[in-house]
Every structure is written in C-alpha cells, then in structure tokens.
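Here is the structure we will look at.
Basis for what follows: all heavy atoms, side chains included, without hydrogens, waters or symmetry-related copies. Counting starts at 1 for both ligands and their atoms, in listed order. Remember, it's a predicted structure, so these values are computed and weren't measured experimentally.
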Amino acid sequence: MTKPQNYINGKWVDGSLGKLDMLNPSYDTKAGEIARSGEKDIDSAVKAAREAFNGVWGKTDAANRGRMLYKVAKILEENVEELAELESKDTGKPMKQARTDATLIARYFEFYAGAADKFHGDTIPFSDDYTVYSQRVPLGVTGHIIPWNYPLQMTGRTLAPALAAGNATVFKPAEDACLAVVRAFELIHEAGFPPGAINLVTGLGTEAGGALANHPGIDHMAFTGSPEVGKIIMKNSADHIRPVLLELGGKSPQVVFKDADLDAAMPVIVNAIIQNAGQTCSAGSRLVIQEDIHDEVVEGLIKRFNKIKVGPADKDPDIGPIINKKQLERVESFVARAEKEGATILAQAEKPEGKGYFFPPTLMGKVNNDSFIAQNEVFGPVLTVIPFKDEADAIRIANDVEFGLIAAVWTKDNGRAHRVTNAINAGQVYVNGYGAGGGVELPFGGMKKSGFGREKGFEALYDVTAVKTIIINHG
Ligand code: NAP
Ligand code: MG
C-alpha cells in the first residue's frame, strides 16, 4: 500500500482534509487511499519550495542537479514492475501499457539529467565597447497539475525539466488516478533531494488544484487537462501575472492517401485510437481518408475492430476500462449523439461481462467533419471515418477543427508528404507513422485550442526558465 499522505519539505504528512478512496475501474473496487488536501497543504508546500529555491536547492549547480535526476531515473527503473502494477490497477490500463509508462517516467528523469548541464545562454555580438551574454535562469517555484490518463509519464514529463533547470516544484496529480505517482515519490525520496525541491500534494481539483492555481507564491503553472479547467488556470495566472503552459487535448487527424502502404498503416491507425482506451490527448480520433480507398480501408478496419479484446487491466487485454462512470457515460453519450446526427456504427468490439467501466472500441462511418463527434474530444476508443477527394480537401478537413495537437500523413509520395505536413496546423506531424505524443526527446504541445507551451525534449527547458541578459560596458 502507498502512503495516503502528502510529500512536503522532504517529509510525509497527512492531508488537512482527510483521505479519499481510489477506484479500480476494471472491477469497480477500492484501489487504495490518498490524502485529501486543500489550501493549508498547498501553502506549506509552496513555502517549502520557496525556501528550497532560496536555499540549498537553489544553490545546487547544474551538474549536481543532473546527478540527482539520474539517481531518480535509476531508482525508478529498478521498480518498474511495482509501479506498473499500481498504475494498471488505478487507471485500468493493461499491464503492457503500464510497464511502458513506468519505464517512461524513468526515461524522463534520465533525459533531463543529461540536459541539466548542457542548457546554457549565448554571447551576443553588440559593440566593441561591450561584452554581452545571456543566462537561462530558473523561474523559481513551479506549479504542476496533471490529469489521470498517464499519471506516471506525465509526472516525469512535467517535473524533470523544471527540476533540471533549477526550479523548486509543487505537484498535484489527478484525484482519479495517482497511486503509482505516490509510490514514485516514495522512491524519489531515496534520491536525496534537498527538502522542498519537490513536493507532492494530492486531492480534488477544486480543493488542492484550485489552491495551487490561486497561490500567489507560484512563478509558473503547467497544466494538462480539459479546456474548461485550462481557462480557469489561465485566468488565475492572469491575476498573478505569471506564465502558464496549457496542454488541452486534441482531435487529431490521421490523413491517408490512396498511395499509402495500407498494410503498414492499418495497425497503427487502430492503435492510435485504442491506446489507453482512447483516453489520450493525442489520440488519432479522425480518420481522414481518400475516397478511392475508403471501402477497402473500412473493410480492413472492421475486421480489426471486431477482434480487439477488451477486459480488466490485470488480464492484459488490448484495452482496459474507461477511468470511471462519469467518463464512460460521456463516451456513450457522444456515440449516441453521433448516431442521432446520422453517423453509423461500422464496427464495435465485444463488451466484456463484469463490473468494469468498459466501452468497446467503435468505428463510426458517414461522419461529417462539421458534426459534434468530429469536432469534440471524445476521450474514448471511438474512431470516425471522414472521406476526402484530393490533397486540398484533405488539408482543409485536417485543419477544420479547433484543436491542433498532432496529426499523421500516410503517403508514399515524398513531395506530398512535405506539402501536407507544412500545411497542417499541429504541434507534431507524423509521416507514415503515429506516436501518440512520441518519444521523450520530441517537443510536444498544442496549436490553436490545444494550448501552448512545449513539453518534452530540450524545448521544455525554455518554458521553465527566463533569459537574463548581462550587458558589460568595458569602454
Ligand atoms: P480536468 O477536470 O481538466 O482535470 C485535470 C486536472 O485538473 C486534474 O488534476 C483535476 O483535479 C484538476 N482540476 C480540476 N478542476 C480544477 C480547478 N478548478 N482548479 C485547478 N485544478 C483543477 O479533466 P477531467 O475532468 O479529468 O476530464 C474531463 C475531460 O478533459 C476529458 O473527457 C477529456 O476530454 C479532457 N482531458 C484531456 C486531457 C489531456 O491530456 N489533454 C487529459 C484528461 C482529460 P481532479 O481530477 O483531482 O479533480
Ligand atoms: Mg483509480
């Protein structure tokens, strides 16, 4: 069992509002407990972070920050199986996926361990009388709020770059899934960070989340989640005049031209929507397909959708349950509305027995790109098929949505691949592949209403630092 406590100033402490039960969505049973926290806990965490930033942690040089992050990476790596079991039980993701996620949190710490002492400013040519250089300095205390869909991965994604750059951090994971994150913090403690450099406060969004987003002692807020809460976070940040990073999901197109290698494309297209039961901000949820190959592709996809195995996460099926009842009902309502608006269900996998919150992967045809299901994030395993005539039509449809997170283009024509990737308005564009967010090294983030700011890769370090320019007049 993990500690139902917060990690503040290097110590495990009870939440001021008691405890919350965690749910195992595969069986509708209790998965564990976490601390329920509010303003008081957030305030202690922010104070501890400020002291760390002004004290030992703030004076830890880049090479030593890197060494500490590397220690974290090694400790997490040694405990992948335990972390994966907790993540799988808590989120309902199959063990195979949970193992990948547990490996990736370690990889984030490893990547930013290496980056810590290689991120630097420039010397700037100005005038013979001056020497000018810039430094990349940490912002101070950074706040981090993540959702429930990839708790372990997102912990590494948001915290490791902030720490590598020298910030002190206060982190609130989602109430719906964070048991593995609490365990990861128990392990992180072993790496020996100075107290206060890295703080964990669990609880409800409206209590702990709101208190963090509103706290005047935060210098940067990083948020991943829904556009609705993203707006609140941005307004709070406006009140305090501080930068904010928002990652708010997408409605990502997979554009398939008639010359594409369909044997290669088909399994990737399916995986891009069923991974994590479709609860992925970068899920490939709109299949934008050239009408000449529409029937052939749909036929192939129907066969594949019918074979997808849905079940409890510990049985390692192709996909597990939806995170909870509220989300399941949301997915069901999206599909019902699409049917009402004229779309048809072309294929649906079998729904297993049991008390889990299962939604079978569903392929929907006759979908108009203007319709509700094509324009809004379902956050479930629902793929909509939208036909196009030619290249211009494909680009128009791909961009005709409020989001712009990621996209894929499938074609063997090199010129077309370049033209279409240049024309698509998204933070990441794949050619002949799809990587729901891709690797740790690849800058990731939104355009349009998908948000702004970049995570992953070296790019993430720019978001959590400021440039300081030093201008020396030596006459
Ligand atoms: P959400 O409400 O935006 O939750 C995201 C995070 O924000 C959680 O940690 C949540 O805490 C916290 N939060 C909620 N209200 C807050 C507030 N007033 N102030 C500060 N923090 C707050 O998302 P959700 O309800 O989990 O999911 C709803 C929909 O959002 C999904 O169906 C999906 O469309 C979208 N979504 C997108 C992503 C993505 O990766 N971009 C991820 C998840 C969901 P608690 O959960 O602990 O209350
Ligand atoms: Mg849970």
Side-chain angles (χ1 to χ4, degrees), residues 15 17 20-23 25 34-39 42 90-91 143-151 153-155 157-158 170-179 181-182 200-215 218 221-237 239 244-252 275-283 285 322-334 357 359 372-373 375-382 402-406 427 436-437 444-446 448-453 455-456:
L17 304 177
L20 291 165
D21 283 347
M22 302 297 284
L23 171 83
I34 57 165
R36 180 172 179 175
S37 322
E39 274 178 36
I42 289 288
D90 196 12
T91 63
H144 307 256
I145 297 178
I146 63 158
W148 40 262
N149 51 347
Y150 290 88
Q153 274 206 51
M154 283 195 202
T155 301
R157 175 169 121 185
T158 191
V170 180
F171 176 56
K172 194 213 85 77
E175 171 251 339
D176 283 310
C178 61
L179 288 176
V181 170
V182 177
L200 167 76
V201 181
T202 61
L204 298 173
T206 46
E207 295 175 348
L212 178 56
N214 271 310
H215 201 290
I218 296 292
M221 267 305 302
F223 172 81
T224 299
S226 63
E228 295 73 29
V229 178
K231 278 186 213 165
I232 298 174
I233 303 287
M234 202 167 159
K235 283 179 186 154
N236 289 333
S237 292
D239 286 342
V244 55
L245 178 148
L246 298 179
E247 203 274 79
L248 308 177
K251 196 69 197 174
S252 300
Q275 180 180 316
N276 210 38
Q279 304 165 115
T280 303
C281 47
S282 48
S285 51
I322 300 291
I323 190 79
N324 58 29
K325 189 162 182 261
K326 184 177 132 213
Q327 285 292 325
L328 174 63
E329 286 171 356
R330 179 187 147 102
V331 176
E332 286 168 346
S333 76
F334 269 64
Y357 298 116
F359 187 86
F372 188 80
I373 190 111
Q375 290 290 323
N376 292 281
E377 191 173 47
V378 180
F379 235 56
V382 181
E402 285 192 326
F403 295 102
L405 192 56
I406 86 168
F444 175 78
K448 304 195 278 184
K449 297 234 164 85
S450 288
F452 48 81
E455 297 183 291
K456 303 191 174 187

Considering only protein heavy atoms, which is closest to [atom], and at what distance to one decimal place?
| atom | answer |
| --- | --- |
| atom 8 (C) of ligand 1 | Ile146 O, 3.5 Å |
| atom 25 (O) of ligand 1 | Lys326 NZ, 4.0 Å |
| atom 36 (N) of ligand 1 | Phe379 CZ, 3.6 Å |
| atom 2 (O) of ligand 1 | Val229 CG2, 3.5 Å |

Atoms of ligand 1, numbered as shown, that sit under 4.0 Å from any heavy atom of [X]:
| X | answer |
| --- | --- |
| Trp148 | 24 (P), 26 (O), 27 (O) |
| Cys281 | 39 (C), 40 (O), 41 (N) |
| Glu175 | 45 (P), 46 (O), 47 (O) |
| Lys172 | 9 (O), 11 (O), 45 (P), 47 (O) |
| Ile233 | 20 (C) |
| Ile145 | 6 (C), 7 (O), 9 (O), 12 (C), 20 (C), 21 (N) |
| Thr224 | 5 (C), 39 (C), 40 (O), 41 (N) |
| Gly210 | 19 (N), 20 (C) |

Out of [options], whose heavy atom sits nearest [atom]?
| atom | options | result |
| --- | --- | --- |
| atom 23 (O) of ligand 1 | Ser226, Gly209, Gly249 | Ser226 |
| atom 32 (O) of ligand 1 | Gln327, Glu228, Glu377 | Gln327 |
| atom 14 (C) of ligand 1 | Ala283, Gly451, Gly205 | Gly205 |

Q. Looking at Thr155, Thr158, Leu200, which hits side chain to side chain contact (heavy atoms under 4.5 Å, CB included) with His144?
A. Thr158
Q) Out of Ile232, Ile145, Leu245, which residue meets the side chain to side chain contact (heavy atoms under 4.5 Å, CB included) rule with Phe223? A)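 Going through Ile232, Ile145, Leu245 one by one, the side chain to side chain contact (heavy atoms under 4.5 Å, CB included) with Phe223 is satisfied by Ile145 alone.
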Are any of the N or O atoms of [X] closer than 3.5 Å to those of ligand 1?
| X | answer |
| --- | --- |
| Arg330 | yes |
| Phe223 | no |
| Met154 | no |
| Leu248 | no |

**Q.** Protein contact for atom 4 (O) of ligand 1 (heavy atom, distance under 4.0 Å)
**A.**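 So far as the 4.0 Å threshold goes, atom 4 (O) of ligand 1 is out of reach of every protein heavy atom.
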(Q) Counting only heavy atoms not in Glu39 (residues, nucleotides, ligands), do more than 12 fall under 6.0 Å from its CD? (A) no
Q.
Let me confirm one number: the CG-OG distance from Leu212 to Ser37, rounded to the nearest 0.5 Å.
A.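 Answer for the CG-OG pair, Leu212 versus Ser37, is 11.0 Å.
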Q: With rounding to the nearest 0.5 Å, note down the distance linking CG in Asn236 to NE2 in His215.
A: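 Answer for the CG-NE2 pair, Asn236 versus His215, is 12.5 Å.
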Going by heavy atoms in the side chains, are [X] and [Y] under 4.5 Å from each other?
| X | Y | value |
| --- | --- | --- |
| Tyr357 | Leu23 | yes |
| Pro151 | Asp90 | no |
| Cys281 | Ile406 | no |

Q: Go through the side-chain N and O atoms of Tyr150 and Thr280 and say whether any donor and acceptor fall under 3.5 Å apart.
A: yes
**Q.** Asn149 side chain to Asn276 side chain, donor-acceptor N/O pair below 3.5 angstrom
**A.**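 Result is no, nothing qualifies.
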Q. Below 4.0 angstrom, N of the basic side chain to O of the carboxylate: do Arg157 and Glu247 qualify?
A. yes
**Q.** Trp148 and Phe379 aromatic ring geometry - parallel, tilted or perpendicular at 30°/60° bounds
**A.**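 Plane angle over 60°, so perpendicular.
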Q: Decide side-chain contact (heavy atoms from CB on, under 4.5 Å) for Val382 and Phe334; before the verdict, give the C-alpha distance in whole Å, the side-chain angles of both, and the deciding distance to 0.1 Å.
A: CA-CA 9 Å; Val382 181; Phe334 269 64; over 6 Å; no
Q.
So for Ser450, does at least one of its heavy atoms come nearer than 4.0 angstrom to any atom of ligand 1?
A.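 Outside the 4.0 Å threshold, so no.
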